[in-house]
Amino acid sequence: MKTLPFFCRGKVVRGFGRGSKELGIPTANFPESVVEHLPADFSTGIYFGWASVGGGDVHKMVMSIGWNPYYKNTKKSMEAHIIHRFKEDFYGDFLSVLILGYLRPERSFNSLDSLVTAIHSDIEEAQKRLDSTEYRKLRDDYFTSTDHILNGR
């Protein structure tokens, strides 16, 4: 994808309520207005990068962009799993993400257990990739500068 790395931000909204409750993997959801402004070359699937809530610390993240075929969603969504334990919900706070790479296409699963296993595998792969010097430098460049906010990227 020519548009990577891609930076976006928006207020965290309530999603489908499945991340924490059903999957045990909490997600932060972007509003439709952010989803609608993704570049045209963004394929649906699982991505990785960095995230910051409310301008706070920057953490590794994985993100699902698409229709969540296991659940047969009728609305495209962007759901980030930030690889960090937060003490409380942060609905309404601004979430800033730097999307760096693509892990895999979205797909359906035969069971909830196989979906959860795939998500854990995605998290593990994202953590490995984000340990690279290149991706840490991009994190530092984007999140220690205000240029990305002013330029929209």
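Quick note: numbers below take in every heavy atom, side chains included, and nothing from hydrogens, waters or symmetry partners. As the structure is a prediction and not an experimental result, all values here were calculated from the model. If you read the sequence from its start, that first residue is 1, and numbering goes on from there.
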With a 6.0 Å cut-off (strictly less than), is the heavy-atom count around CD of Glu124, excluding the residue itself, greater than 12?
no
Verdict with supporting geometry, Lys76 and Ile65, side-chain contact (heavy atoms from CB on, under 4.5 Å):
CA-CA 7 Å; Lys76 189 175 184 180; Ile65 298 176; 4.0 Å; yes
Crowding at NE2, His37 (>12 non-hydrogen neighbours, <6.0 Å):
no
Is there a side-chain contact between Val34 and Lys11 (heavy atoms, below 4.5 Å)?
no
Return the orientation label for the His84 and His59 ring planes: parallel under 30°, perpendicular over 60°, tilted otherwise.
parallel
What closest approach, in Å, do Ala80 and Leu95 show between heavy atoms, and which atom pair accounts for it?
CB-CD2, 4.3 Å
Give the C-alpha distance, both sets of side-chain angles, the deciding distance and a yes or no for side-chain contact (heavy atoms from CB on, under 4.5 Å) between Met61 and Trp50.
CA-CA 5 Å; Met61 66 96 189; Trp50 300 101; 5.6 Å; no
Exercise: identify the closest heavy-atom pair between Gly101 and Leu4:
CA-CD1, 4.0 Å
Let's go through Glu134 and Leu100 carefully: what are the C-alpha distance in whole Å and the side-chain angles of both, what is the deciding distance for side-chain contact (heavy atoms from CB on, under 4.5 Å) to 0.1 Å, and is it a yes or a no?
CA-CA 10 Å; Glu134 174 190 2; Leu100 296 172; over 6 Å; no
Flag this pair as yes if the NZ/CZ of Arg14 is under 6.0 angstrom from the six-membered ring centre of Tyr91 and inside a 45 degree cone about the axis; otherwise no.
yes
Run the numbers on Phe48 and Glu125 for side-chain contact (heavy atoms from CB on, under 4.5 Å), then give the verdict.
CA-CA 9 Å; Phe48 67 92; Glu125 181 64 24; over 6 Å; no
Enter the distance from Met78:CE to Tyr47:OH here, rounded to the nearest 0.5 Å.
9.5 Å
Parallel, tilted or perpendicular, judged at 30° and 60°: which one describes the rings of Tyr142 and Phe7?
parallel
Given the side-chain rings of Phe6 and Phe42, with only the six-membered ring counted for Trp, is the space between their centroids under 6.0 Å?
yes
So CG of Leu112 and OG1 of Thr117: to nearest 0.5 Å the spacing works out to 9.5 Å
Minimal heavy-atom distance between Phe143 and Leu98, with the atoms involved, is CE1-CB, 3.8 Å
